[in-house]
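Worth saying up front: this structure is predicted, and the values here are computed from it rather than measured. Heavy-atom basis, side chains included; hydrogens, waters and symmetry copies ignored.
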Amino acid sequence: MKRNILLYLITLVLLTACGEQKDVFVIKGEINNLGGRPLLAVYNNDLGIAIDTLIPIDGKIEMVGTSTEVVPVQLYQMGWQPFMRLYLCNGQRVELKGDAKVPYEIELKGNSLNRNLWKFISKHNEIFTEFYAATLQSEFRPNLEDIYIDKQRRLDSLLISYIDSHRRDVMSGILIGDYLLRYDNYALCDSLWQGLHEKAKLPYITRTMEHLGQELTFNSDNSKLPYMRMLNNADSIYYVATRKSAATLVCLWQAENKKADVMHKVLQHYARQYTNKQLQVVTISFDTDTAKWHSVVDSDTSRVVDLWSDGLYTTDLLAKYKVTRLPVYLLGDSLGNILVRTPQLPDEDLDNQLDSLVNIDKYTIETPIFKP
């Protein structure tokens with residue numbers, strides 16, 4: 001009798017230990033139509049970036065990972081095509097069941113965070129799908145920029161609405177950090193983040209917000225207009241010196257943009273409105289097709305200086321100024337300090353600051369204004 005009780009207790013302890021798996025997290029699933037191709041799981045753990053391969057056997061996948069805090073685990077199909085994202089830490093487990101061809105219909109069992117997030121994404125899959133499709137298309141086709149912006153605003157509106165209504169929900173923190181946050185809307189995200197309950201703030205997103213905030217603060221305090229020694233439309237090297245005028249207005253743009261003619265006419269208006277000593281207007285093109293650029297700028301008889309960046313998107317210029325979408329307008333003073341950054345003209349803040357710059361009696365250096 002004592003021997004049977006001892007065996008029972010040992011078995012119970014072993015089963016309990018295996019069931020809880022406190023030192024790891026587990027992803028299991030039965031996914032059809034993977035075609036025998038594995039899924040890749042990428043996440044950060046205590047040692048750095050981890051990449052695991054989930055090889056399907058009869059459609060079944062399984063992986064064991066480890067992280068002492070909740071982290072995003074991004075699943076990819078072959079070719080690094082995003083499949084789905086889960087949030088896990090040691091002691092947690094999720095189970096997936098569905099068809100790889102219709103990922104938004106996959107059933108998910110696990111903790112409430114993953115269930116609720118996946119339910120939210122699946123419910124609004126049309127908005128998410130259209131946004132990601134527009135993102136890929138607009139990267140290679142500038143004429144689709146308006147479609148991308150429309151889809152982005154639609155998704156942003158959905159996310160902000162949920163976050164505003166669920167300030168104690170960890171899912172709101174995730175939506176800010178992993179779905180809404182961009183360089184161009186940090187101020188908005190920071191405001192939403194500060195309004196969350198502390199329990200809704202996962203550590204890894206807190207670190208991301210702090211790092212980005214410090215980076216943008218550093219950039220805004222030390223921003224200078226770019227060094228402008230590039231090819232002009234006569235295919236000659238041209239150098240722009242900011243000290244030659246009280247203000248310099250720079251437009252980073254693409255002539256391939258369907259609104260290029262309108263943008264250029266607006267810049268011509270600024271050039272006509274002020275003298276050489278008051279304002280110089282410069283455009284820097286990032287077009288792959290120089291013929292298209294020439295067709296827009298060659299007939300220009302105004303004072304606008306049209307330059308072309310032969311480095312295109314391989315240049316560090318766009319990375320330095322955290323440019324993810326064109327056009328971007330930069331207004332600087334005679335020392336090259338950027339005072340206003342905006343995605344469109346006319347802009348009230350830029351006009352007011354420009355007026356202050358050219359009227360030296362009332363000129364004061366103000367806090368730089370950076371807009372999405």
Side-chain angles (χ1 to χ4, degrees), residues 20-29 41-50 52 63-76 82-98 103-104 106-125 127-129 131-132 152 154-183 185-214:
E20 290 182 352
Q21 295 182 289
K22 292 182 178 180
D23 296 331
V24 296
F25 62 80
V26 178
I27 299 175
K28 295 187 67 173
V42 181
Y43 63 97
N44 279 296
N45 60 21
D46 302 336
L47 300 177
I49 297 177
D52 287 326
M63 72 159 281
V64 176
T66 177
S67 177
T68 55
E69 67 176 55
V70 176
V71 293
V73 182
Q74 178 66 55
L75 300 182
Y76 295 94
F83 185 65
M84 68 188 307
R85 189 182 300 170
L86 304 167
Y87 294 82
L88 296 163
C89 68
N90 292 343
Q92 297 181 343
R93 172 191 181 99
V94 294
E95 296 184 13
L96 312 173
K97 186 174 183 180
Y104 287 112
I106 289 177
E107 297 178 8
L108 187 152
K109 294 181 179 179
N111 62 356
S112 59
L113 172 59
N114 284 294
R115 291 199 313 272
N116 293 339
L117 180 59
W118 188 241
K119 181 179 179 180
F120 177 80
I121 294 174
S122 299
K123 179 181 178 180
H124 303 287
N125 74 83
I127 296 177
F128 281 92
T129 301
F131 168 72
Y132 292 128
Q152 183 184 72
R154 190 181 179 201
L155 178 59
D156 285 0
S157 177
L158 170 68
L159 300 176
I160 293 168
S161 177
Y162 182 93
I163 294 164
D164 273 336
S165 303
H166 301 81
R167 295 183 177 272
R168 301 179 66 89
D169 192 340
V170 174
M171 186 172 132
S172 292
I174 288 174
L175 293 180
I176 292 174
D178 287 352
Y179 291 88
L180 184 63
L181 182 62
R182 303 183 299 272
Y183 276 107
N185 70 351
Y186 175 80
L188 167 65
C189 291
D190 184 57
S191 176
L192 293 171
W193 181 256
Q194 298 304 326
L196 295 183
H197 190 279
E198 286 302 315
K199 293 182 179 179
K201 300 178 179 180
L202 293 177
Y204 84 92
I205 300 180
T206 298
R207 292 192 294 270
T208 298
M209 294 295 296
E210 291 176 350
H211 175 77
L212 186 56
Q214 292 170 358

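- Counting only heavy atoms from C-beta outward, the side chains of Leu113 and Met171 approach each other to under 4.5 Å.
- In this structure, Trp118 and Tyr104 have parallel ring planes: the angle between them is below the 30° cut-off, well short of the 60° mark.
- A salt bridge is defined here as a Lys NZ or Arg NE, NH1 or NH2 lying under 4.0 Å from an Asp or Glu carboxylate O, and Glu95 with Arg93 meets this definition.
- To the nearest 0.5 Å, atoms CD1 (Ile160) and CD1 (Ile176) are separated by 9.5 Å.
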Can you check salt bridge (charged side-chain N to carboxylate O under 4.0 Å, His left out) on Lys201 and Glu198, steps first, answer last? CA-CA 5 Å; Lys201 300 178 179 180; Glu198 286 302 315; 3.2 Å; yes
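- With values rounded to the nearest 0.5 angstrom, Leu86 atom CG is found 9.0 Å from Leu117 atom CG.
- In this structure, CG on Asn114 lies 6.0 Å from CG on Leu108, to the nearest 0.5 angstrom.
- Between Pro72 and Tyr43, the closest side-chain pair of non-hydrogen atoms is not below 4.5 Å.
- Of all heavy-atom pairs spanning Ser172 and His166, the tightest one is OG-O, 2.5 Å.
- To the nearest 0.5 Å, the span separating NE2 on His211 from CZ on Arg207 amounts to 12.0 Å.
- Asp156 places none of its side-chain heavy atoms less than 4.5 Å from the side chain of Leu188.
- With hydrogens and angles left out, the side-chain atoms of Tyr162 and Asp169 include a donor and acceptor closer than 3.5 Å.
- Residues Leu181 and Cys189 share a closest heavy-atom pair of CA-SG, 3.6 Å.
- Counting only distance, with no hydrogens or angles, the side chain of Ser67 and the backbone of Cys89 share no donor-acceptor pair below 3.5 Å.
- The heavy-atom pair separating Pro103 from Phe83 by the smallest distance is CB-CE1, 4.1 Å.
- A donor-acceptor pair under 3.5 Å links the side-chain atoms of Thr208 to the main chain of Tyr204, judged by distance alone.
- Phe128 and Tyr179 have perpendicular rings, their planes meeting at more than 60° on a 0 to 90° scale where under 30° would count as parallel.
- In plain terms, the two heavy atoms of Gln92 and Leu88 that are nearest each other are OE1-CA, 3.4 Å.
- No side-chain heavy atom of Leu180 sits under 4.5 Å from any side-chain heavy atom of Leu175.
- The backbone N or O of Met84 sits less than 3.5 Å from a side-chain atom of Gln74, completing a donor-acceptor pair.
- In this structure, the side chains of Val70 and Val170 stay at 4.5 Å or more apart for every pair of heavy atoms.
- Asp164 has its side chain within reach of Leu192: a pair of non-hydrogen atoms, C-beta onward, lies under 4.5 Å apart.
- Across all their heavy atoms, Asp52 and Val64 have their closest contact at OD2-O, 4.0 Å.
- In this structure, CZ in Phe120 is found 11.5 Å from CG in Asn125, a value given to the nearest 0.5 Å.
- Residues Phe25 and Val73 are in side-chain contact: their nearest non-hydrogen atoms beyond the backbone lie under 4.5 Å apart.
- Counting only heavy atoms from C-beta outward, the side chains of Met209 and Asp190 approach each other to under 4.5 Å.
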Before giving the answer on side chain to side chain donor-acceptor pair (under 3.5 Å), spell out for Asn45 and Thr66 the whole-Å C-alpha distance, their side-chain angles and the decisive distance to 0.1 Å. CA-CA 6 Å; Asn45 60 21; Thr66 177; over 6 Å; no
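- Using a distance-only test at 3.5 Å, with no hydrogens or angles considered, a donor-acceptor pair links the side chain of Asn185 to the main chain of Arg182.
- Judged by distance alone, the side chain of Arg168 and the main-chain N or O of Ala200 form no donor-acceptor pair under 3.5 Å.
- No donor-acceptor pair closer than 3.5 Å links the side chain of Asp178 to the backbone N or O of Ile174.
- We find the OG-CZ distance between Ser122 and Arg115 to be 13.5 Å, quoted to the nearest 0.5 Å.
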